[in-house]
Amino acid sequence: MWIICAALSIIFHVIGWILVSKKKIATCWASASSLAFVALALLMEYKIINTEDWTALLDVVPTMFIILTGYVIIMFLANAILIGFTMKNIQLK
């Protein structure tokens, strides 16, 4: 389930960039949706961790933490840039 949420966050981010190129105001909605799916992906990953198989968790969690941290940082920065371009377009009108 977390993979679906992560994919949806990337899809909404791409939609946001398409809307920026067309100079639409709805870019903020796409960016907000993208960030919401980032949060849902993290919650779904946390839900997976609540299991009783500790040996498997010791193998998987350190790697997943690095991957998810990179994913969150990249998506936050990309959405911040997206919102910045949107605000710039709004101020130019």
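Note: hydrogens, waters and symmetry copies are ignored here, and every other heavy atom, side chains too, is used. Computed from a predicted structure; not experimentally measured.
Hydrophobic cluster membership differs between Ile74 and Leu40, with clusters built from Ile, Leu, Val, Met, Phe, Trp and Tyr side chains linked at under 4.5 angstrom. Residues Leu42 and Met1 share a single hydrophobic cluster, defined by chaining ILVMFWY side chains whose heavy atoms lie under 4.5 Å apart. Residue Met44 is grouped with residue Phe76 when hydrophobic side chains (ILVMFWY) are merged at heavy-atom distances under 4.5 angstrom, including chains of intermediate members.
With sequence neighbours excluded, the residues that form a side-chain contact (heavy atoms from CB on, under 4.5 Å) with Phe65 are Thr69. Partners of Ile67 according to the side-chain contact (heavy atoms from CB on, under 4.5 Å) rule, which considers only residues two or more places apart in sequence or in another chain, are Thr63, Met64.
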Which donor-acceptor pairs under 3.5 Å do the side chains of residues 7-16 make with protein atoms, sequence neighbours left out?
residue : atom : partner : partner atom : Å
Ser9    : OG   : Ala6    : O            : 2.7
Ser9    : OG   : Tyr71   : OH           : 2.4
His13   : ND1  : Asn79   : OD1          : 3.0
His13   : NE2  : Trp17   : NE1          : 2.6

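Rounding to the nearest 0.5 Å places CG of Leu82 at 7.5 Å from SG of Cys28.
Other cluster members for Leu77: Ile73, joined by side-chain heavy-atom distances under 4.5 Å among Ile, Leu, Val, Met, Phe, Trp and Tyr.
Judged by distance alone, with hydrogens and angles left aside, the side-chain atoms of Ser31 form no donor-acceptor pair with the main-chain N or O of Thr27 at under 3.5 Å.
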